[in-house]
Amino acid sequence: MRNADRKPSDPAGPDPMSVAFEEARAAAGRGEVPVGAVIVKDGRIVASAGNRPRELRDPSAHAEMLAIRRACEAVDDERLSGCDLYVTLEPCTMCAGAISFARIRRVYYAAHDPKGGAVDNGVRFFGQPTCHHAPEVYGGIRESESAALLKEFFEERR
Ligand SMILES: [Zn+2]
């Protein structure tokens, strides 16, 4: 059974944040900053992606951006109303903007990012009056696991 055929309530199926972590670990294996993202619609995973800016030579190839593009293709729409995003790191300003434009319903993220985050840190994008769609946000889910993954990656690269 493919991940897309499973529901989070399916005890045999992975929960979306676990799939995001798999994507993050795969990204680390490619030499990318370990961040993974998953998009869920109606209880089904419609897209998942890990960071690929180095591989694609594209600074916009963050996990969230790639997952949003794939999800839009999967649902054949430029908006992801009713979709939820799971990501292992607090989204940056660029990704927060894309999340807003995509009309994503909820964002679940793991580690807070005081340096690059734009949701609960930095510009707090969704709280700005110029932000026309703000998702519900739940941060800090499995935070220590994501923080450890990032710490390990950057320590190995030193
Ligand atoms: Zn980003």
Side-chain angles (χ1 to χ4, degrees), residues 3 15-41 45-75 77-157:
N3 285 342
D15 75 278
M17 191 59 96
S18 293
V19 177
F21 270 97
E22 283 172 27
E23 289 282 4
R25 291 193 180 90
R30 298 189 298 268
E32 305 275 6
V33 176
V35 180
V38 165
I39 293 174
V40 171
K41 184 181 172 73
I45 291 173
V46 293
S48 67
N51 256 347
R52 291 186 187 270
R54 283 166 56 107
E55 177 190 331
L56 301 179
R57 289 164 179 76
D58 176 0
S60 77
H62 284 186
E64 303 96 306
M65 301 294 287
L66 298 178
I68 286 169
R69 287 185 190 127
R70 288 175 190 171
C72 286
E73 265 178 50
V75 304
D77 199 334
E78 87 278 24
R79 287 186 179 170
L80 298 172
S81 306
C83 291
D84 302 330
L85 173 78
Y86 294 75
V87 59
T88 59
L89 183 64
E90 178 182 350
C92 73
T93 313
M94 171 181 70
C95 293
I99 287 163
S100 179
F101 282 124
R103 303 288 195 271
I104 284 175
R105 180 176 60 177
R106 297 188 188 111
V107 172
Y108 300 87
Y109 72 83
H112 291 86
D113 185 0
K115 287 182 184 167
V119 176
D120 292 314
N121 288 287
V123 300
R124 293 177 164 79
F125 187 86
F126 300 132
Q128 300 300 320
T130 50
C131 175
H132 300 300
H133 170 84
E136 291 172 35
V137 175
Y138 305 90
I141 302 158
R142 293 166 67 172
E143 168 146 37
S144 57
E145 187 180 346
S146 177
L149 192 60
L150 288 156
K151 188 165 177 272
E152 187 185 342
F153 176 80
F154 286 112
E155 278 175 359
E156 276 174 11
R157 287 171 59 86

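Both counts, for ligands and for their atoms, begin at 1 and track the order of listing.
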* Passes side-chain hydrogen bond (donor to acceptor under 3.5 Å, both in side chains), Thr88 versus Arg142? Steps please. -> CA-CA 8 Å; Thr88 59; Arg142 293 166 67 172; over 6 Å; no
* Partner of Leu80 under side-chain contact (heavy atoms from CB on, under 4.5 Å), chosen from Leu85, Ile99, Val75 -> Val75
* Do the charged groups of Glu73 and Arg69 touch, with an N to O distance under 4.0 Å? -> no
* To do: Using 2.8 Å as the cut-off, note every protein N, O or S atom close to the Zn ion (ligand 1).
  => His62 ND1, Cys92 SG, Cys95 SG
* Asked: Any side-chain heavy atom of Val35 within less than 4.5 Å of one from His62?
  -> no
* **Arg25 bridged to Glu32 by N-O distance under 4.0 Å** => no
* Between Asp15 and Tyr86, do the side chains contain an N or O donor and an N or O acceptor separated by less than 3.5 Å? -> no
